[in-house]
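First comes the structure, then the notes that go with it.
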Amino acid sequence: MTSCFNDNEIQHLDRDALEALQLIRFKKIVKQALKTEFYKQRLGSVGIKDQSDITHINDITKIPFTTKEDLRDTYPYGLLAVDKEEVVRMHASSGTTGKPTVIFQTQTDLDRWTNLTVRSLLVTGCTKKDVFQNMMTYGLFTGGIGLHYGAERLGMFVIPASSGNTKRQFMLMKDFQTTVVHATPSYLLHLFSEMESMGYSRKDFVIKKAMIGAEPHSEEIRQKIEDFLQIDAYNSYGLSEMNGPSVAFECEYKKGMHLWEDSYIMEVVDKEKLTPVPEGTTGELVLTNLIRESTPIIRYRTRDLTKIIPGECPCGRTHRRIERILGRTDDMLIINGVNVFPSQIEEVIMKMPSIGNNYRIVVRKKGTLDELIVDTEVNSDIISDDTRKLYALRDHIRDELKASITISPQIEFHEPGHLPVQQGKAIRVIDER
Ligand code: AMP
Ligand code: ZN
């Protein structure tokens with residue numbers, strides 16, 4: 001295993017060497033996968049009975065996709081490829097319906113994942129001098145524990161605050177001079193909207209950076225966080241099926257997330273035809289984990305929509321970058337026959353200076369038609385202003401949304417802090433149909 005503090009070389013491998021490394025690791029994963037009944041059948045169905053049947057990295061495209069349903073069907077132990085006594089931890093996805101999808105980790109798996117999280121924190125410029133306040137939920141969810149271990153291994157001073165308890169977050173942040181926070185973007189915006197009412201001001205804190213992830217968010221939301229706090233916010237992407245955070249992370253340039261290709265094989269496919277799309281075209285991200293021996297998962301359909309950013313990053317790292325996640329294939333709303341992603345709505349409303357930090361989208365039936373309602377908080381100054389300004393703002397939002405999504409929604413304004421806030425991932429859409 002590469003040492004976590006010296007993997008600069010791996011981050012800059014030329015593409016040929018990177019693919020050669022992927023092939024070696026992929027063969028090992030195929031060997032592991034063949035230890036499970038599930039993959040013995042799946043791989044066998046396309047003639048792969050031994051790792052020697054893989055000779056080129058493109059052989060991966062012969063293998064059928066693995067889906068969330070496959071993970072549910074094999075619950076609890078169907079994908080376990082090591083003896084149970086080798087397992088030191090399990091995690092699960094944060095889905096609320098049905099059986100969770102579980103993955104297992106051996107100590108080696110954890111070490112490799114932790115090394116990736118160290119790398120991810122380092123590329124954003126974190127150092128051991130930083131004080132890291134982790135506001136992600138600790139538990140089965142990988143967001144909290146995942147980055148915790150990386151931050152510790154890097155030598156940062158870690159405050160395992162977990163999510164929620166706004167008052168305590170502020171106290172810790174002030175008293176221990178937190179420099180880096182890790183949170184969902186929605187929680188971070190909520191937290192700082194409470195700053196003044198809790199008796200704090202920006203001057204009380206020395207925060208410099210935020211790692212934000214676990215939920216889709218627009219560039220406008222990032223900008224709001226950065227402008228309000230005068231910090232840098234880095235996008236962090238991951239999912240429990242692929243370990244958790246540190247599948248892809250933004251570097252100091254913040255121009256898309258480097259997907260760590262020594263540890264994952266990425267493909268982007270057309271969301272209906274499931275055939276590869278060219279770089280720069282949006283599709284569903286499909287991932288293969290190359291570093292986890294306990295729970296091999298090959299060609300996993302993440303349902304996350306993104307694109308590969310063509311060209312090199314100014315940082316010179318060779319691992320390709322993905323664009324921020326547009327949404328999930330299962331997030332797409334069909335409203336009177338029109339496809340709408342919540343992120344398209346967020347992008348429009350969050351550009352407007354009078355709009356507050358929180359919003360939600362409600363869809364309901366009105367007769368035979370679908371009705372779209374956008375509930376959004378507005379800043380207190382505009383509420384106390386002339387009501388004509390509020391009407392004008394409402395018309396303006398409606399026009400801008402019509403131009404973007406071709407639907408003219410009903411707009412409802414709310415005072416700051418009046419829309420519900422989640423401690424974990426934000427719930428932005430309420431579909432009452
Ligand atoms: P979980 O496995 O419960 O941690 O959920 C993983 C899912 O969260 C991913 O498949 C994405 O849909 C979403 N997610 C994680 N990180 C991000 C991010 N940076 N931007 C957008 N969505 C994200
Ligand atoms: Zn870069």
Side-chain angles (χ1 to χ4, degrees), residues 8 11-12 67-68 71-72 90-98 100-103 113 117 119-120 122-125 136-147 163 182-188 210-219 221-222 225 233-261 264 266 284-287 289 295 297 300-306 309 311-332 341-343 346 422 424-429:
N8 242 337
Q11 295 170 37
H12 294 86
T67 62
K68 195 149 193 110
L71 300 200
R72 291 210 171 108
M90 69 171 269
H91 276 291
S93 67
S94 40
T96 47
T97 51
T101 54
V102 294
I103 56 103
W113 175 28
T117 64
R119 179 196 293 172
S120 302
L122 284 173
V123 300
T124 67
M136 284 283 188
T137 310
Y138 280 63
L140 281 174
F141 172 57
T142 54
I145 296 190
L147 237 58
S163 55
H182 177 215
T184 57
S186 56
Y187 183 67
L188 207 55
M211 310 293 142
I212 52 174
E215 64 188 19
H217 56 281
S218 56
E219 185 58 35
I221 289 273
R222 184 226 300 261
I225 292 173
Y234 300 87
N235 197 354
S236 149
Y237 170 76
L239 60 162
S240 58
E241 295 87 335
M242 290 292 123
N243 282 347
S246 294
V247 171
F249 226 95
E250 279 185 331
C251 70
E252 64 272 32
Y253 287 93
K254 298 188 284 186
K255 288 184 183 298
M257 298 177 279
H258 288 281
L259 195 134
W260 300 128
E261 291 185 271
Y264 301 96
M266 73 161 143
E284 181 177 343
L285 183 65
V286 172
L287 292 171
N289 187 318
T295 325
I297 297 185
Y300 183 64
R301 285 186 55 191
T302 63
R303 307 192 199 181
D304 291 325
L305 292 167
T306 184
I309 302 175
E312 270 176 32
C313 182
C315 74
R317 292 183 181 88
T318 49
H319 300 234
R320 288 174 299 170
R321 290 161 299 154
I322 56 168
E323 188 64 82
R324 65 177 57 257
I325 306 293
L326 173 71
R328 296 171 56 80
T329 49
D330 37 8
D331 273 350
M332 192 181 74
F341 280 101
S343 59
E346 178 177 306
Q422 280 75 35
K425 295 172 192 259
I427 297 172
R428 298 294 196 193
V429 177

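Below, all heavy atoms of this structure are taken into account, side chains as well, without hydrogens, waters or symmetry copies. Order of appearance sets the numbers: ligands from 1, and atoms from 1 within every ligand.
In terms of polar-atom proximity, defined here as any N/O pair under 3.5 Å, His217 makes no such contact with ligand 1. Of the polar atoms of Ile325, none of the N or O atoms is found under 3.5 Å from an N or O of ligand 1, judged by distance alone. Considering backbone and side-chain atoms alike, Ser93 places every N or O at 3.5 Å or more from each N or O of ligand 1. Checked against a 3.5 angstrom limit, the closest N/O atoms of Thr302 and ligand 1 fall outside it.
Of the heavy atoms in Ser236, only backbone atoms (N, CA, C, O) come closer than 4.0 Å to ligand 1. At a heavy-atom distance under 4.0 Å, atoms from both the backbone and the side chain of Pro216 approach ligand 1. Proximity of Met257 to ligand 1, defined as any heavy-atom pair under 4.0 Å, is not found for any part of the residue. Using a 4.0 Å cut-off between heavy atoms, Asp304 contacts ligand 1 through its side chain alone, with no backbone atom that close. If you look at Arg303 next to ligand 1, there are no close heavy atoms at all, none under 4.0 Å.
In summary, of the residues considered (Arg320, Gln11, Arg317), a side-chain contact (heavy atoms from CB on, under 4.5 Å) with Glu261 occurs for Arg320 alone. Shown are Asn243, Ile145, Val102; of these, the side-chain contact (heavy atoms from CB on, under 4.5 Å) with His91 is made only by Ile145.
Atoms of ligand 1 found under 4.0 Å from any heavy atom of Lys425 (numbered from 1 in listed order, with element): 1 (P), 3 (O), 4 (O), 5 (O), 6 (C), 7 (C), 8 (O).
For Arg428, there are no salt bridge (charged side-chain N to carboxylate O under 4.0 Å, His left out) partners, not counting sequence neighbours. Residues passing the side-chain hydrogen bond (donor to acceptor under 3.5 Å, both in side chains) test with Ser343, sequence neighbours excluded: none. With sequence neighbours excluded, the residues forming a salt bridge (charged side-chain N to carboxylate O under 4.0 Å, His left out) with Arg301 are Glu284, listed by chain and number.
In this structure, Arg324 does not count as a contact residue of ligand 1, since none of its heavy atoms falls inside 4.0 Å of the ligand.
For the residues Glu215, Glu241, Glu250, the heavy atom positioned nearest atom 20 (N) of ligand 1 is part of Glu215.
Taking a 6.0 Å sphere around NZ of Lys254, one finds it holds more than 12 heavy atoms contributed by other residues, nucleotides or ligands.
Within the sub-2.8 Å shell of the Zn ion (ligand 2), the protein contributes these N/O/S atoms: Cys251 SG, His258 NE2, Cys313 SG, Cys315 SG.
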